[in-house]
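Remember, predicted model here, so these are calculated numbers, not experimental data. As the structure lists them, so they are numbered: ligands from 1, and atoms in each ligand from 1.
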Amino acid sequence: MIKNKKILVIGAGGFIGGHLVNRLLKNGNFITAADIKPKEYWFQDFDNVNNHYSLDMKEIENCRKVTKNIDYVFNMACNMGGMGFIENNKAECMQSVLINTNLLISCRENKIEKYFFSSSACAYNTRKQKNVFIEGLKEEDAYPADPEDGYGWEKLFSERMCRHFMEDYNIPVRIARYHNIYGPYGTFDGGREKAPAALCRKVIKAKKNNENKIEVWGDGKQTRTFLYIDDCIEGTLRLFESNYSEPVNIGSDEQVSINQMIEIIENISGTKKLERVYQLDKPKGVRGRSSNNDLVKKILNWSFKIQLKDGLKKTYNWIDTEINKQGSNISRFTKS
Ligand code: GDC
């Protein structure tokens, strides 16, 4: 595993970025952590990072500043969220191309050794995701291009920008397509939360308030594969150290419907079965999505370890504790 390197993590104040910094610190690296958010809103606190910056990486001068004297760069930053955010903020999402582009230009100028880009399953052709149960998406299914509007186009364009920087300027790049990553220290309320955290929150609140129903976006039959954060970090670091420079799925094999996920969460909570109030006018995204993991198994000899029921239990318990702590205060995990 990577050791004694000078590593810049952009998006260190966010969910995946925060977990990555923790892991890289444990391995004995020197970390520069940057995020657009002011420090008090970062999802995890780090005392032992070398430098903290609260800067907007859409500005190239900021990118130039933070990439000086750095070996590796992990770009985990973009303006994002679950379906509720990305379907309603397409222009905002698209502007993250500036982060990746300005970072790559600065990495070239400052002679960075290797660059990581966090892409998404939203880069896949939406026409291949029209049925509830689909074959897992293979990496080649991103083309011909018809990704999710806004956010998905940003990811696909930025993947390509990475590829061309590698081809034209010899900057080694590694690209992961993440499939709905969930776990503790992520947003669970306020508009940016994804389904696992949102549904844990809804079940927790129903239980606390003695209510017998929860609201579900869509008809609950839509499917996804969800990946627990620890597996995501492990897969990311293994991919980073591999020789493979094309985009690779980092996801699980457990395709479930939203209804099935709610049942798992109800079992964790020990509550009685809640009535589902299906909200068909809410953002739904694609009908069915799952990750084909043949490539990652082949090139990294690695597969996800944490089953959905186990990852959801950890996530549920963490959100429950946060809600209890929160009281009337606004938490950094609920800001939209
Ligand atoms: O938000 P998300 O997890 O994003 O939603 C999954 C499904 O769960 C959607 O069909 C949504 O309608 C349904 N759903 C039901 N109830 C709720 O209360 C709820 N809140 C939310 N958020 N969803 C609910 C995500 C992107 C990410 C990321 C990943 C990559 O798309 O939003 O930014 O890139 O994909 O896989 P999802 O899986 O569509």
Side-chain angles (χ1 to χ4, degrees), residues 11 14-16 76-90 92-94 96 117-124 126 129-132 134 136-137 141-142 147-156 158-159 176-183 186-206 213-229 232 247 249-252 254-263 265 274 276-292 308 312 315 319 334 336:
F15 169 50
I16 304 178
M76 316 304 284
C78 63
N79 202 343
M80 65 87 70
M83 266 304 129
F85 181 79
I86 65 178
E87 277 206 1
N88 294 306
N89 295 277
K90 291 171 188 160
E92 280 280 326
C93 289
M94 293 280 285
S96 299
F117 176 63
S118 51
S119 186
S120 163
C122 290
Y124 282 109
T126 50
Q129 303 171 74
K130 295 230 180 271
N131 299 320
V132 168
I134 61 160
L137 292 159
D141 290 331
E148 244 170 79
D149 253 347
Y151 183 73
W153 277 105
E154 184 274 311
K155 291 298 185 192
L156 200 63
S158 293
E159 285 184 358
R177 288 193 187 134
Y178 291 141
H179 284 253
N180 209 318
I181 314 301
Y182 71 98
T187 312
F188 61 83
D189 205 349
R192 287 183 189 255
E193 65 281 9
K194 289 185 279 174
L199 293 166
C200 284
R201 182 199 79 229
K202 288 177 183 182
V203 171
I204 290 167
K205 292 217 164 159
K213 48 181 145 181
I214 54 164
E215 293 175 342
V216 180
W217 297 358
D219 62 7
K221 293 180 185 152
Q222 62 273 47
T223 60
R224 299 288 186 273
T225 45
F226 299 96
L227 184 73
Y228 189 65
I229 183 67
C232 168
N249 283 332
I250 300 282
S252 84
E254 276 185 279
Q255 187 177 10
V256 292
S257 68
I258 294 301
N259 284 330
Q260 287 171 321
M261 186 163 69
I262 295 169
E263 272 173 41
I265 298 171
L274 299 161
R276 281 81 162 131
V277 179
Y278 294 113
Q279 300 179 300
L280 302 182
D281 56 341
K282 292 286 185 184
K284 295 179 286 289
V286 293
R287 189 69 175 141
R289 171 179 289 157
S290 77
S291 174
N292 175 297
L308 185 60
L312 280 174
T315 310
I319 295 174
T334 62
S336 115

Would M80 count as a contact of ligand 1 if the rule is a heavy atom under 4.0 Å away? yes
Does G84 reach ligand 1 with a nitrogen or oxygen that is under 3.5 Å from one of the ligand's nitrogen or oxygen atoms? no
To the nearest 0.5 Å, atom OG of S118 lies from atom CE of M76 at 4.5 Å
Could you find the nearest protein heavy atom to atom 23 (N) of ligand 1 and give me its residue, atom name and distance? W217 CE3, 3.5 Å
How does I181 reach ligand 1, by side chain, by backbone, by both or by neither, if only non-hydrogen atoms under 4.0 Å count? neither
Who passes side chain to side chain donor-acceptor pair (under 3.5 Å) against S96, sequence neighbours left out? none
of all protein heavy atoms, closest to atom 27 (C) of ligand 1 is G81 O, 3.5 Å
Looking at atom 36 (O) of ligand 1, what's its closest protein heavy atom, distance included? N180 N, 2.9 Å
Hits for side chain to side chain donor-acceptor pair (under 3.5 Å) against S120, two or more places apart or cross-chain, chain-then-number order -> none
Check contact between E148 and ligand 1, using heavy atoms of the residue and a distance below 4.0 angstrom. no
Heavy-atom distances under 4.0 Å are what count here, so tell me which part of Q222 touches ligand 1: side chain, backbone, both or neither. side chain
Heavy atom to atom 35 (O) of ligand 1, shortest distance: which of H179, R289, R224 holds it? R289
Counting only heavy atoms, which portion of I258 has something under 4.0 Å from ligand 1: side chain, backbone, both, or neither? side chain
Among the heavy atoms of F85, does any lie under 4.0 Å from an atom of ligand 1? no
For A198, take its heavy atoms, then give the atoms of ligand 1 lying under 4.0 Å from any of them. 17 (C), 18 (O), 20 (N)
Check: Q222 side chain, I258 main-chain N or O, donor-acceptor pair, under 3.5 Å: no
Polar contact flag for A195 and ligand 1 (N/O pairs, less than 3.5 Å): yes
Which protein non-hydrogen atom lies closest to atom 34 (O) of ligand 1, naming both residue and atom, and how far is it? S120 OG, 2.7 Å
Nearest protein heavy atom to atom 10 (O) of ligand 1, by residue and atom, and its distance? K284 O, 2.6 Å
K202 N/O under 3.5 Å from ligand 1 N/O: yes
Any nitrogen or oxygen of P283, main chain or side chain, under 3.5 Å from a nitrogen or oxygen of ligand 1? yes
